[in-house]
Student: 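Structure provided below as structure tokens; questions to follow.
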There are 2 protein chains.
Amino acid sequence: MRIAELSRRSGVPVPTIKYYLREGLLPAGELTSPNQARYSDDHLHRLRLVRAMVELGGLSIAAVREVLGALDDPEKSLHKAMGTISAAVAPADLGSEDEVAHEQVAAFLERQGWVCRPTSYAYKALVGVLATAREVGHERFADMLDGFAAAARPLAEADLGYVLGAGSKDEALEAVVVGTVLGDAAMAAVRALARRELSGVRQAEETPTQPCSNP
Amino acid sequence: MRIAELSRRSGVPVPTIKYYLREGLLPAGELTSPNQARYSDDHLHRLRLVRAMVELGGLSIAAVREVLGALDDPEKSLHKAMGTISAAVAPADLGSEDEVAHEQVAAFLERQGWVCRPTSYAYKALVGVLATAREVGHERFADMLDGFAAAARPLAEADLGYVLGAGSKDEALEAVVVGTVLGDAAMAAVRALARRELSGVRQAEETPTQPCSNP
DNA sequence: ACTATCGGATAGTTACAGTATCCATGCTGA
DNA sequence: TCAGCATGGATACTGTAACTATCCGATAGT
């Protein structure tokens, strides 16, 4: 197909597709003549993936490029891809440093029986969050960590299950991306639902409407 | 204190503080004369909160204003504050619509025994995510929802526990904000740690370093 | 042959989040 | 006391990110 059809089938304007091509988010089409190119279904699929990351995941173009680089890496270490994607999804700012926060993270890891180098991205991110919490006067925030861990275990199991259910290595890598980027968005929504349920706010509010299901 | 001290103690440049004042993220200082104002510790605290939301939470100025509006609302319904904050943290784009996605969400809610109107933000967000997943050829993604719910329950308990541990109504509202905004960042880090543990990647990588703890 | 479309390059636009400059006034230390 | 630096407030500017528009010569399909 040519660029107009790619645009029509994906819903992305032609100039934006050209922009993505320039930015290296899409591989160039196959040239049939010096100034005509043909695009495949792979291009369409990749384009949809890019839009999902940009629109739903809120990733920057640079972050998307990073993630796609991990996808296309011939080494294809699943583990490294996960790291790359976690870092790309997170905000660039890791927050401040703080000795107490450092100790809180170390104690937390010990409690959970988890091992991790203090140089890793996740470790530093966690220290940054705790340090920031202390800055705004929320020392108590560190108490939530074990609750987060209790939530993270089933989450990680769902993640892994999804990835292992993929047919091929390429599919597994893409499953990491989709599971992380869309998973974050879905998790935020499910979290809001769970909170709403737990806080017992089931009764109709100011606008009583038909509930969506009634067990 | 005056603006220079506010700047020094928060680490935020004076012009940025003026910008936040203009944007209504900070209340005006108490005027001691037509062109002199005094700022309190409350201003400092609020300023730190704003920076935490902007830098760690990645919220836009408009989203921060929204959240602060919920904080300052004299009605102070904890439940509504949660909704406002969940919506502010999420990306603006809800994704596409899709009949199948709609049904998947309804079935999921029924399985979980959760009740929720299809007009609510969380419901629509979830439909958007599933529709997008289907667009990129990941019908299987819906299978993760129950795993997400299993994770969301302890998460919501941690959230609620944190909020209920607050001393006053004002503190509880702020706990919602901190628990959500910093909680999201912390959860992303903990999720990455859990995934790393579960996938059994404990052995030192290319740069063998001292692990941070050794149970 | 002719006209719409294509690819590629370059330039322009919009929104956001600050920064910088001005100015009239206030405070402060020699 | 008064010179000079800081302040509050208004306005204008900057930089970056993510597109969007225009132009061009070269096909493609009829």
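Lettering follows sequence order; numbering is per chain, from 1.
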Student: For A:Ala4, which contact category applies under a 4.0 Å heavy-atom criterion: base, sugar-phosphate, or nothing?
Tutor: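 A:Ala4: backbone/sugar contact only, no base atoms under 4.0 Å.
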
Student: Expressed in angstrom and rounded to an integer, what is the separation of A:Ile61 atom CD1 from C:dC16 atom C1'?
Tutor: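 After rounding, the gap between these two atoms is 16 Å.
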
Student: Tell me if a side-chain donor or acceptor on B:Ser7 pairs with a main-chain N or O of B:Ile3 at a distance below 3.5 Å.
Tutor: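 Checking the backbone N and O of B:Ile3 against the side chain of B:Ser7, no donor-acceptor pair under 3.5 Å is found.
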
Student: Below 4.0 angstrom from OP1 or OP2 of D:dA17, is there any side-chain N or O of A:Tyr19?
Tutor: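 For D:dA17, OP1/OP2 do not have a side-chain N/O of A:Tyr19 under 4.0 Å.
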
Student: Of the options D:dA28, C:dA17, C:dG18, whose atoms approach the side-chain atoms of B:Val54 most closely?
Tutor: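 It is C:dG18.
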
Student: Which nucleotide in the set C:dC6, D:dT20, C:dG8 lies at the smallest distance from any side-chain heavy atom of A:Lys18?
Tutor: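 Of C:dC6, D:dT20, C:dG8, C:dG8 is nearest to the side chain of A:Lys18.
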
Student: Would you mind telling me which of D:dT20, D:dT27, C:dC27 lies closest to the side-chain atoms of A:Pro15?
Tutor: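 Side chain of A:Pro15 sits closest to D:dT20.
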
Student: Write down the distance between CD (A:Gln36) and C1' (D:dC24), rounded to a whole number of angstrom.
Tutor: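 Answer to the nearest Å: 14 Å.
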
Student: Rounded to whole angstrom units, what separation is found between the CG atom of A:Leu31 and the C1' atom of C:dG8?
Tutor: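 Answer to the nearest Å: 10 Å.
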
Student: Between A:Arg195 and B:Ser86, do the side chains contain an N or O donor and an N or O acceptor separated by less than 3.5 Å?
Tutor: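 Distance-only check passes for A:Arg195 and B:Ser86.
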
Student: Cation-pi check for A:Tyr39 against A:Arg2: NZ or CZ below 6.0 Å from the six-membered ring centre and within 45 degrees of the axis, yes or no?
Tutor: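 No - A:Arg2 does not lie over the ring of A:Tyr39 by the 6.0 Å and 45° rule.
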
Student: Can you check the A:Arg22 CZ to C:dG8 P distance for me, whole Å?
Tutor: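 Result: 12 Å.
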
Student: Of B:Ser33 and A:Met1, whose nearest nucleotide on DNA chain C comes first from the 5' end?
Tutor: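 Comparing both residues, the 5'-ward one is A:Met1.
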
Student: Does a side-chain N or O from A:Thr16 land closer than 4.0 Å to OP1 or OP2 of D:dA18, or not?
Tutor: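 No, because none of the side-chain N or O atoms of A:Thr16 sits under 4.0 Å from OP1 or OP2 of D:dA18.
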
Student: Rounded to the nearest Å, what distance is computed from the CG atom of residue B:Leu21 to the C1' atom of nucleotide C:dG18?
Tutor: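 My rounded result for the distance is 14 Å.
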
Student: When the distance from CD of B:Glu5 to P of D:dG8 is rounded to whole Å, what number comes out?
Tutor: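 After rounding, the gap between these two atoms is 12 Å.
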
Student: To the nearest 0.5 Å, what is the distance between CG (B:Asp98) and CD (B:Glu135)?
Tutor: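 It is 7.5 Å, given to the nearest 0.5 Å.
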
Student: Tell me the interatomic distance from B:Ile17, atom CD1, to C:dG18, atom C1', rounded to whole angstroms.
Tutor: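 Those two atoms, CD1 and C1', are 13 Å apart.
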
Student: Can you tell me if A:Asn35 touches the phosphate of D:dT27, counting only side-chain N or O atoms and a distance under 4.0 Å to OP1 or OP2?
Tutor: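 Looking at the OP1 and OP2 atoms of D:dT27, one of them is under 4.0 Å from a side-chain N or O of A:Asn35.
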
Student: Let me know the distance between CD of A:Glu23 and C1' of D:dT16, rounded to the nearest Å.
Tutor: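 Roughly 13 Å, once rounded to whole Å.
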
Student: Between C:dG7, D:dT27, C:dC27, which nucleotide has the shortest distance from any of its atoms to the side chain of A:Pro34?
Tutor: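 Looking only at side-chain atoms, A:Pro34 lies closest to D:dT27.
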
Student: Please evaluate residues B:Val12 and B:Leu6 with respect to the criterion side-chain contact (heavy atoms from CB on, under 4.5 Å), reporting the C-alpha separation (whole Å), side-chain torsions for both, the decisive distance (0.1 Å), and the verdict.
Tutor: CA-CA 8 Å; B:Val12 179; B:Leu6 192 57; over 6 Å; no

